[in-house]
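None of these values were measured; they are calculated from a predicted model.
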Amino acid sequence: MIEVRGLGVRLGGRAVLGDVGMAVPDGAWLAVIGPNGAGKSTLLKAMMGLLPHDGEVLVGGRGVRRMKPRERGRLIAYAPQNPLLPPDMTVADYAILGRTPYIPYLARETAHDREVTRSVLARLDLAAFADRPLGHLSGGERQRVVLARALTQQAPILLLDEPTTALDLGHQQQVLELLDRLRLDDGLTVVTTLHDLSLAGQYADSLLLLSQGHAAASGPPQDVLTEPLLTRHFDAHVQVTHPHGRPVIHLIRPADR
């Protein structure tokens, strides 16, 4: 389990997050949602130990902040929303960077590291792209490569910041279906931020709604994606339907238009 207790973050003297808490069981998928500026990306960075914060982040009851970076990297893999993708670097060279927590300082990757990378690329249908430069990939292919680097860490917890950003509908679905299949096959615990509320409701086991840096609601998708909560925190006119038992969000034009 990964657990967050009383997490708070201040950036530039301003409180970005305050007293946020959550618990994600092994093998579960939690999606963090909220309006722009609510602190979603900041939450994931703090959970990874990339930002100073109050409160605690625990993995299996152990504090993440007290772990050495290499130990933390073997437990948690993090993919930022806009990762640096050197255009001339090949797919294989980028993906094997995920093995960094296992490679001693001043040493090179081993045959095992290369085999792990090859296996991950094959599972993500990227084997044919291994020698292709990152600058020659489509948006959907780049997202799979970012996921590949995270998976080569072989960490039981994945923190993914907007894994479907800038993708069209088809590629969004492909990436999320792939992520869900890998989660179920490998027993991974997944925490994502997702901008699309309907996608969050379709794929995640539970949701955390952030608003103005605080947890406004949490629980199963049908308890969080309600018309009153979405109207209040997103300042939007919406209708929520449940065509397949999962909530789908529809924007509705105001009646006075």
Side-chain angles (χ1 to χ4, degrees), residues 24 27-33 40-41 44-45 47-48 50 73-103 109 112-196 198-205:
V24 190
W29 182 343
L30 179 135
V32 183
I33 61 171
K40 301 184 295 294
S41 296
L44 262 59
K45 291 177 183 176
M47 291 173 66
M48 189 61 198
L50 300 177
R74 296 181 184 187
L75 290 174
I76 307 173
Y78 167 68
Q81 182 174 347
N82 296 301
L84 177 64
L85 297 175
D88 295 328
M89 180 177 281
T90 67
V91 167
D93 286 342
Y94 182 80
I96 206 170
L97 292 175
R99 300 299 299 166
T100 301
Y102 303 92
I103 301 173
E109 67 273 5
H112 176 68
D113 296 319
R114 292 190 290 273
E115 179 54 36
V116 169
T117 303
R118 281 193 294 269
S119 175
V120 168
L121 292 180
R123 292 182 72 187
L124 300 185
D125 294 325
L126 289 169
F129 297 85
D131 297 323
R132 185 173 298 185
L134 297 175
H136 295 179
L137 301 178
S138 69
E141 291 162 352
R142 284 195 297 270
Q143 289 298 94
R144 278 189 286 151
V145 171
V146 171
L147 182 57
R149 174 174 170 171
L151 290 175
T152 60
Q153 283 184 233
Q154 294 186 310
I157 298 169
L158 292 179
L159 305 182
L160 307 177
D161 194 1
E162 294 288 353
T164 60
T165 186
L167 297 182
D168 59 36
L169 286 175
H171 285 112
Q172 288 180 31
Q173 187 174 52
Q174 290 173 21
V175 167
L176 293 178
E177 287 288 340
L178 174 62
L179 178 59
D180 198 39
R181 187 175 76 243
L182 293 169
R183 175 181 71 95
L184 295 173
D185 289 348
D186 296 353
L188 301 175
T189 302
V190 177
V191 180
T192 59
T193 62
L194 283 173
H195 186 75
D196 189 303
S198 291
L199 287 179
Q202 294 294 303
Y203 285 93
D205 299 313

Spatial distance of atom CD1 (I33) from atom CG (L199) [nearest 0.5 Å]: 12.0 Å
Run the side-chain contact (heavy atoms from CB on, under 4.5 Å) test on I157 and L188 for me, step by step, so that the C-alpha distance in whole Å, both residues' side-chain angles and the decisive distance to 0.1 Å come before the verdict. CA-CA 6 Å; I157 298 169; L188 301 175; over 6 Å; no
Residue list, side-chain hydrogen bond (donor to acceptor under 3.5 Å, both in side chains) with E141, at least two apart or on another chain: S138
Using side-chain contact (heavy atoms from CB on, under 4.5 Å), reason through L134 and T90 one step at a time and then give a plain yes or no. CA-CA 6 Å; L134 297 175; T90 67; over 6 Å; no
Pairs in or reaching into residues 158-185: which pass salt bridge (charged side-chain N to carboxylate O under 4.0 Å, His left out), with residues at least two apart or in two chains? D180-R183, R183-D205
Sidechain-backbone polar pair: T193 side chain, S41 backbone, donor-acceptor under 3.5 Å: no
About how many Å separate CG of L159 and OG1 of T192, when rounded to the nearest 0.5 Å? 9.5 Å
Look at the side chain of Q174 and the backbone N and O of G140, then say whether any donor-acceptor pair between them is shorter than 3.5 Å. no
Does anything in residues 93-103 pair up under salt bridge (charged side-chain N to carboxylate O under 4.0 Å, His left out), and if so which pairs, sequence neighbours excluded? R99-D113
Rounded distance (nearest 0.5 Å) linking atom OG1 of T152 with atom CG of L121: 8.5 Å
Which heavy-atom pair separates L97 from T100 by the least distance, and what is that distance? O-OG1, 2.6 Å
Scanning both residues in full, the closest heavy-atom pair of V175 with P163 reads CG1-O, 3.9 Å
For the atom pair CG (L167) and CZ (R142), what is the distance rounded to the nearest 0.5 Å? 9.0 Å
Strictly by salt bridge (charged side-chain N to carboxylate O under 4.0 Å, His left out), give each pair with a member in residues 118-133 just once, sequence neighbours left out. E115-R118, R123-D186
For A95 and T117, which heavy atoms make the closest approach, and how far apart are they? CB-CG2, 3.8 Å
Side chains of residues 81-88: which donor-acceptor partners sit under 3.5 Å, not counting sequence neighbours?
none

On a heavy-atom basis, which atom in V32 and which in K40 lie closest, and how many Å separate them? O-CD, 3.8 Å
Report the distance from atom CZ of R144 to atom CZ of F129, rounding to the nearest 0.5 Å. 6.0 Å
Under the 3.5 angstrom rule, does the side chain of Y78 hit a backbone N or O of G73 as a donor-acceptor pair? no
Search all heavy atoms of A204 against all heavy atoms of A31 and return the closest pair with its distance. CB-CB, 3.6 Å
With sequence neighbours excluded, what pairs up with P156 under the side chain to side chain contact (heavy atoms under 4.5 Å, CB included) test? L75
Test Q154 against Y102 for side-chain contact (heavy atoms from CB on, under 4.5 Å), laying out the working first. CA-CA 10 Å; Q154 294 186 310; Y102 303 92; 4.0 Å; yes
Restricting to non-hydrogen atoms, name the atom on I76 and the atom on Q153 that form the minimum distance, rounded to 0.1 Å. O-NE2, 3.3 Å
For the atom pair CD1 (I96) and CZ (R149), what is the distance rounded to the nearest 0.5 Å? 11.5 Å
Counting C-beta onward and ignoring hydrogens, is there a side-chain heavy-atom pair between V191 and L160 closer than 4.5 Å? no
